[in-house]
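Contents: one structure, followed by commentary.
Chain letters run A, B, ... following the sequence lines, proteins first, then strands; residues in each count from 1. Hydrogens, waters and symmetry mates play no part in the numbers below; they use all other heavy atoms, side chains included.
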There are 2 protein chains.
Amino acid sequence: MSIESARRVRRSPEAARENILQSAERLLLERGPQGLKLVEVAQGAGVSHATVLHHFGSIDGVQTALAEAMIRQLVARVLEAERPDDPEAQLEGVGQVLFDAFESAGGARLAAWLELTGETRRLTLVREAVAEVISGPMAQKGVDPERATNLILVAVSLAMGVGLIGRSLAELVGRPPETTREAALAFLKTGLAAAIKT
Amino acid sequence: MSIESARRVRRSPEAARENILQSAERLLLERGPQGLKLVEVAQGAGVSHATVLHHFGSIDGVQTALAEAMIRQLVARVLEAERPDDPEAQLEGVGQVLFDAFESAGGARLAAWLELTGETRRLTLVREAVAEVISGPMAQKGVDPERATNLILVAVSLAMGVGLIGRSLAELVGRPPETTREAALAFLKTGLAAAIKT
DNA sequence: AGAGTTACCTACAAAAATGTCAATAGAGTC
DNA sequence: GACTCTATTGACATTTTTGTAGGTAACTCT
């Protein structure tokens, strides 16, 4: 048994916040919104709960910051992967990318959380992302904006649904968890192709 | 100011539980999972919080019961509307129904909540419903079970996504809220038709 | 009407969660 | 090494949330 009190780590404010947010995200994804407690977040980050308050002011501050960070992450991932200049691969991959974004790192769960909490305000980032896709890749293919928007709405919704309940849904009917995703991907692909060619 | 203490209402156990669950559901849908507090549920139901405990044992008991009730509701609604004997209307309406089920009465939000909370166990009802659809309407159309399952997985996921974020997503890009739903419906319909005919 | 059952309540108790404050200790600067 | 700055912390205080106990009252049955 060591006598000396645990040597404290002193981080830069940014690093500290980052560290704490990671813990919060982990908790959110593992235990759901209800599991986002001050002390647990602190524990997971290896700091005292007072430290969390010092950096975020309140538990709401943590939630807000977390939401913002996760959204930023999600949008960034989508946009980045949307960029390849090969138009073919683009159409092919847009589904992949979208699904990945919503499935991995809890993108869908984040969105669900935001919806459930009614935090739909701070989604400006998303709007911008959508606008970018419409005026970018889609426009290049000559899809008119109206239809492009519709396609995006559907695709994102689908990705959302798949990301959220895809796996457990598949397991529920006795299939391997990736089944939903694959089926949705195929469905989306043919649908997209058809819609664009018209 | 009335002197007499408010005359208490005495319900049957079932009615009491029902009443409380309704309040809980309202709260869940309005304020999200975090808003599901014992006292608020009680207030909304017009009873003391002790009464809630009397009927459900604990706050977890309330959650469990609520989840169960909402699932039952959701599944029932889907199945019931799946039944019309006109096969044409069936294909036409399956999307409608599905979307309604998930959009109204917070079906999607329920599912999201369950997912976020990790309460995926008590979904046996869902499995049964899916099985029923596969062996019923789908089989009548001669769709092989494998493919039927896939279609259902996709359709449900899509309904889920639309029900959850459809409206706010549409508004986010400056369209009327029903846009997502309509677009998804069209998309699903053509997709389904194509898949079935093959 | 009287008795039994139990849904319901008020008051209290306990626990959990959030937030405050003054003191401590890393890390850089002079 | 002394000094400054502030991230960090333990101890305390407050508020919120959940749970308990015992009595009251509504309803049913006889």
Indicate, with a heavy-atom threshold strictly under 4.0 Å, whether [X] touches base, sugar-phosphate, or nothing.
X: A:A16; value: sugar-phosphate
X: A:H55; value: sugar-phosphate
X: A:L53; value: base
X: A:S12; value: nothing

Sidechain N-carboxylate O distance under 4.0 Å for [X], [Y]:
X: B:E146; Y: A:R175; answer: yes
X: A:E68; Y: A:R72; answer: yes
X: B:R11; Y: B:E18; answer: no

Taking OP1 and OP2 of D:dA7, is either one under 4.0 Å from a side-chain nitrogen or oxygen of A:H54?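 Looking at the OP1 and OP2 atoms of D:dA7, one of them is under 4.0 Å from a side-chain N or O of A:H54.
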Determine: side-chain N/O of A:T51 to OP1/OP2 of D:dT9, distance under 4.0 Å, yes or no.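 For D:dT9, OP1 or OP2 has a side-chain N or O of A:T51 closer than 4.0 Å.
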Can you identify which nucleotide, out of [options], has its nearest atom closest to the [X] side chain?
X: B:H49; options: D:dT18, D:dT9, C:dG19; value: D:dT18
X: B:I59; options: D:dA26, C:dG19, D:dG19; value: D:dG19
X: A:A50; options: C:dC21, C:dG19, D:dT18; value: C:dC21

- Nearest-nucleotide comparison on DNA chain D, the residue closer to the 5′ end among B:K37 and B:V9: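 Looking at DNA chain D, the more 5' nearest nucleotide goes with B:K37.
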Comparing B:L36 with B:R10, nearest DNA chain D nucleotide closer to 5' gives the residue B:L36
What's the [atom1]-[atom2] distance between [X] and [N], to the nearest Å?
X: A:I20; N: C:dT18; atom1: CD1; atom2: P; answer: 14 Å
X: A:L38; N: D:dT16; atom1: CG; atom2: C1'; answer: 14 Å
X: B:R7; N: D:dT24; atom1: CZ; atom2: C1'; answer: 14 Å

- Message: Using a 3.5 Å distance criterion without hydrogens, assess whether the side chain of B:R17 forms a donor-acceptor pair with backbone atoms of B:H55.
- Response: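 Checking the backbone N and O of B:H55 against the side chain of B:R17, a donor-acceptor pair under 3.5 Å is found.
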Checklist entry - Does the base of D:dT8 carry an N or O that pairs as donor and acceptor with the side chain of A:R11 under 3.5 Å? => result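 Such a pair does not exist between side chain and base.
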